[in-house]
Enquirer: 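Here it is: the structure, laid out below.
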Amino acid sequence: MPETTSAPLPVICLAGPTGSGKTAAALAMAAALDGEVVNADSRQVYVDFPLITAQPSPEERASCPHHLYGFLPTENKISAGRWAETAVDKVRDILARGKTPLLVGGTGLYFQALLRGMAEIPPVDPQLTAALTTRVDAQGAPALHAELAQADPAYAAKIHPNDRQRIIRALEVCQSTGRPFTWWHSNAMSTPLCVGPLLTLDASLAWLEPRLARRLDLMLAGGALDEARAAMRCCADPAAPGWSGIGCAEALAHLQGRLSLEDCRSLWLRNTRAYAKRQLTWFRARPEAQWLPPDDPDAVVDAACRFWQNARSSYNF
RNA sequence: GGAGGGGUUCCCGAGUGGCCAAAGGGAACAGACUGUAAAUCUGUCGUCGUAAGACUUCGGUGGUUCAAAUCCACCCCCCUCCA
């Protein structure tokens with residue numbers, strides 16, 4: 001079991017809903033603090049979808065070093081825990097070079113994994129996961145939820161009988177470790193891997209809407225459909241992890257003639273908006289989030305500098 | 001002009017006399033979230049009210065009935081086919 005005993009590394013985190021201007025603000029911070037950007041977005045890791053997942057453009061990436069963008073093949077899965085381990089390695093390197101690590105992305109759980117740590121649960125045999133998944137499909141989630149109520153009553157009470165994903169995870173942990181899922185939560189938490197502010201761009205949906213529409217049109221004009229077509233040649237399984245990004249399925253549906261371009265666009269936009277809303281819900285529930293205006297890179301730079309100056313003296317690196 | 005089909009709550013769409021403020025889905029709003037998180041899942045969803053409940057809805061008007069989204073008449077609009 002990987003044991004992280006070293007002190008948490010100082011970082012600056014920049015979060016916010018999709019389309020809120022994180023990339024621009026990140027570049028401003030990088031310039032002001034001699035920083036390097038580390039991706040904290042679960043979809044921007046995929047090589048085959050640079051445009052659809054709105055990864056920073058080559059020009060943007062050229063202005064300072066960027067890490068963990070577009071490195072994973074579509075058929076591969078990454079987890080919050082694995083991402084966090086890789087990200088800390090990057091952070092360590094960046095600090096060693098005397099640069100400022102800037103974690104930028106929209107995946108709330110990833111920030112949590114980094115800033116709060118995760119339960120150190122031994123890896124689960126994928127066969128077990130697969131078996132449980134088959135059973136959920138056959139018997140329905142509530143049946144397995146009932147089983148979970150035996151194995152881990154506390155956790156079962158916390159989640160809904162229909163929440164298949166969480167039921168499977170909890171059950172696989174109980175079965176493979178012989179301890180309740182919640183036992184790990186309360187007895188095996190890792191220490192935080194990093195410390196730093198969670199700067200969060202406060203973009204309302206009303207503010208976001210026209211921007212998301214414009215961004216989507218740019219993606220479409222920039223070859224998003226071609227990107228999906230090409231991705232299909234690399235990985236033809238639409239159920240593969242990389243295909244779960246918003247826009248991927250919509251683009252594919254149009255390419256396969258199941259959706260007109262117009263319907264593809266409006267569905268894509270709607271799903272993007274819904275996603276932004278979910279992100280907002282997540283970040284709103286974080287007491288540590290420091291909310292900043294979405295269209296004001298200077299404010300972000302200010303907040304970042306303030307933290308970083310303190311960090312320099314107190315962490316003494 | 002003739003024959004047929006249809007107009008339902010923001011949208012799609014069930015509902016053919018009472019159990020209907022009206023199935024289901026979508027959207028919207030709110031929320032949960034510890035290794036798939038751009039995922040997974042929940043609640044609300046005509047109006048007023050904490051609630052009990054009251055009130056207003058199913059193209060329009062009028063009627064039948066104890067009771068109508070559902071039956072009848074006329075009218076308006078849409079679609080298909082024949083001329």
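When reading the values below, keep in mind they use all heavy atoms of this one structure, side chains included, and skip hydrogens, waters and symmetry mates. A note on names: the letters A, B, ... follow the listed sequences, proteins ahead of strands, and every chain is numbered from 1. As the structure is a computational prediction, the values presented were derived from the model and not from experiment.
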Enquirer: Nearest whole Å is fine: how far is A37(B) P from Asp163(A) CG?
Expert: 14 Å

Enquirer: Using side-chain contact (heavy atoms from CB on, under 4.5 Å) as the criterion, point out the one residue from Pro241(A), Pro73(A), Cys235(A), Cys248(A) that pairs with Tyr46(A).
Expert: Pro241(A)

Enquirer: So which nucleotide does C10(B) pair with, by the Watson-Crick or G-U wobble rule with both distances under 3.5 Å?
Expert: G26(B)

Enquirer: Can you tell me, in whole Å, how much space there is between the C1' of A27(B) and that of C11(B)?
Expert: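 Nearest-Å result for A27(B) against C11(B) at atom C1': 7 Å.
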
Enquirer: Pick the P atom in U16(B) and in A23(B), then give their distance to the nearest Å.
Expert: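 Going atom to atom, P in each nucleotide, I get 14 Å.
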
Enquirer: Looking at C41(B), I'd like to know if its phosphate oxygens (OP1 or OP2) sit under 4.0 Å from a side-chain N or O belonging to Arg278(A).
Expert: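 For Arg278(A), the contact criterion (side-chain N or O under 4.0 Å from OP1 or OP2 of C41(B)) is not met.
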
Enquirer: Which base, if any, makes a Watson-Crick or G-U wobble pair with G1(B), both distances under 3.5 Å?
Expert: C82(B)

Enquirer: OP1, OP2 of A32(B) versus side-chain N and O of Arg286(A): anything below 4.0 Å?
Expert: no

Enquirer: Please tell me which of the listed nucleotides, U42(B), A38(B), G35(B), lies nearest to the side chain of Asp41(A)?
Expert: A38(B)

Enquirer: Paired with A68(B): which nucleotide, if any, by Watson-Crick or G-U wobble criteria at under 3.5 Å for both distances?
Expert: none

Enquirer: Distance between the P atoms of G4(B) and C55(B), in whole angstroms?
Expert: 41 Å

Enquirer: Between atom OH in Tyr110(A) and atom P in A39(B), what is the gap in whole Å?
Expert: 12 Å

Enquirer: Pick base, sugar-phosphate or nothing for Gln279(A), based on heavy-atom distances below 4.0 Å to the nucleic acid.
Expert: nothing

Enquirer: Under 3.5 Å, is there any donor-acceptor pair linking the side chain of Arg164(A) to the base of U40(B)?
Expert: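 By the distance-only test, no, there is no pair.
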
Enquirer: Rounded off to whole Å, could you give me the CD1-to-P distance for the Ile168(A) and G35(B) pair?
Expert: 13 Å

Enquirer: Side chain of Tyr275(A): nearest nucleotide among A38(B), A32(B), G35(B)?
Expert: A38(B)

Enquirer: Just N and O in the side chain of Thr281(A): are any of them under 4.0 Å from OP1 or OP2 of C33(B)?
Expert: no

Enquirer: Apply the side-chain contact (heavy atoms from CB on, under 4.5 Å) test between Phe49(A) and each candidate in Val45(A), Val47(A), Thr53(A); give the one that qualifies.
Expert: Thr53(A)

Enquirer: To the nearest angstrom, how far is Gln44(A) atom CD from A37(B) atom P?
Expert: 13 Å

Enquirer: Using heavy atoms to find the nearest nucleotide of RNA chain B for Arg270(A) and Ala119(A) separately, return the residue whose nucleotide is more 5′.
Expert: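 Looking at RNA chain B, the more 5' nearest nucleotide goes with Arg270(A).
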
Enquirer: Scan Trp83(A) against the nucleic acid and name what it touches under 4.0 Å (heavy atoms): base, sugar-phosphate only, or nothing.
Expert: nothing

Enquirer: Ile78(A) near the nucleic acid: base, sugar-phosphate alone, or nothing, with a heavy-atom cut-off under 4.0 Å?
Expert: sugar-phosphate

Enquirer: Quick one: do Arg164(A) and Asp137(A) make a salt bridge, cutoff under 4.0 Å?
Expert: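 Salt bridge present between Arg164(A) and Asp137(A).
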
Enquirer: Whole Å only: how far is the CG atom of Leu205(A) from the C1' atom of A27(B)?
Expert: 13 Å

Enquirer: Strictly below 4.0 Å, N to O, side chains only: are Asp89(A) and Arg92(A) in salt-bridge contact?
Expert: yes

Enquirer: Looking at the side chain of Lys77(A), which of G35(B), C41(B), U36(B) is the nearest nucleotide?
Expert: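 Of the options given, the side chain of Lys77(A) lies nearest U36(B).
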
Enquirer: What is the distance, rounded to the nearest whole Å, between atom NE2 of His145(A) and atom C1' of U40(B)?
Expert: 13 Å

Enquirer: Between Tyr46(A) and A38(B), is there a contact of a side-chain N or O with OP1 or OP2 at under 4.0 Å?
Expert: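 No, no such contact exists.
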
Enquirer: Say you pick atom C1' in C58(B) and the same atom in A68(B); how far apart are they, in whole Å?
Expert: 11 Å

Enquirer: Is there a donor-acceptor contact under 3.5 Å linking the side chains of Thr272(A) and Arg215(A)?
Expert: no

Enquirer: Sticking with atom P, work out how far G49(B) lies from A37(B), rounded to a whole angstrom.
Expert: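 Pairwise P distance, G49(B) against A37(B), rounds to 43 Å.
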
Enquirer: In the strands shown, is A73(B) matched to any nucleotide by a Watson-Crick or G-U wobble pair with both distances under 3.5 Å, and which?
Expert: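 Looking at the geometry, A73(B) pairs with U61(B).
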
Enquirer: Look at the side chain of Met189(A) and decide which nucleotide, out of U34(B), U42(B), A39(B), has an atom nearest to it.
Expert: U34(B)

Enquirer: Would you check if there is a donor-acceptor pair between the side chains of Ser244(A) and Arg43(A) at a distance under 3.5 Å?
Expert: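 Per modelled atom types, Arg43(A) and Ser244(A) side chains form a pair under 3.5 Å.
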
Enquirer: Compare the minimum distances between each of C33(B), U42(B), G35(B) and the side chain of Trp282(A), then state the nucleotide with the smallest one.
Expert: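 Side chain of Trp282(A) sits closest to C33(B).
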
Enquirer: From the set G35(B), A28(B), A38(B), return the single nucleotide nearest to any side-chain atom of Ala80(A).
Expert: G35(B)

Enquirer: Looking only at side-chain N and O atoms, does Arg166(A) come under 4.0 Å of OP1 or OP2 in A32(B)?
Expert: no

Enquirer: If you check every side-chain atom of Arg82(A), which of G35(B), C29(B), U36(B) has the closest atom?
Expert: G35(B)

Enquirer: Output the rounded distance in Å from CE (Met118(A)) to C1' (G35(B)).
Expert: 5 Å

Enquirer: What is the nucleic acid contact for Tyr155(A), judged by heavy atoms within less than 4.0 Å: base, sugar-phosphate only, or nothing?
Expert: sugar-phosphate

Enquirer: For the residue pair Tyr110(A) and Ser42(A), establish whether any side-chain heavy-atom pair is separated by less than 4.5 Å.
Expert: yes

Enquirer: Taking the minimum atom-to-atom distance to the side chain of Asn162(A), which one of A28(B), U42(B), A39(B) wins?
Expert: U42(B)

Enquirer: Expressed as a whole number of Å, how far does the C1' atom of U42(B) sit from that of C33(B)?
Expert: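 Taking atom C1' in both U42(B) and C33(B), they lie 11 Å apart.
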
Enquirer: Decide whether Glu262(A) and Ser260(A) meet the rule of one side-chain donor and one side-chain acceptor closer than 3.5 Å.
Expert: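 No donor-acceptor contact under 3.5 Å links the two side chains.
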
Enquirer: Just to be sure I understand the rule, does Thr53(A) reach a base, reach only the sugar-phosphate, or reach nothing, if contact means heavy atoms closer than 4.0 Å?
Expert: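 It contacts base atoms.
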
Enquirer: Please give the distance between the C1' atoms of G18(B) and C74(B) as a whole number of Å.
Expert: 27 Å

Enquirer: Answer yes or no on whether Arg286(A) is positioned over the face of Trp282(A), meaning its NZ or CZ is under 6.0 Å from the six-membered ring centre and within 45° of the axis.
Expert: yes

Enquirer: Tell me which nucleotide, if any, is Watson-Crick or G-U wobble paired with U40(B) when both distances must be under 3.5 Å.
Expert: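 Its partner is A32(B).
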
Enquirer: A38(B) phosphate, OP1 or OP2: any side-chain N/O from Ser42(A) under 4.0 angstrom?
Expert: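 So the side chain of Ser42(A) is within the cut-off, an N or O lying under 4.0 Å from OP1 or OP2 of A38(B).
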
Enquirer: Starting the side chain at C-beta, find the nucleotide from A39(B), U34(B), A37(B) nearest to His185(A).
Expert: U34(B)

Enquirer: Whole-Å distance between A38(B) C1' and Glu227(A) CD?
Expert: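 So the two atoms are 14 Å apart, to the nearest Å.
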
Enquirer: Could you work out the separation of G17(B) and C71(B) based on their C1' atoms and round it to a whole Å?
Expert: 8 Å

Enquirer: Please name the nucleotide paired to A21(B) by Watson-Crick or G-U wobble geometry with both distances under 3.5 Å, or report none.
Expert: none

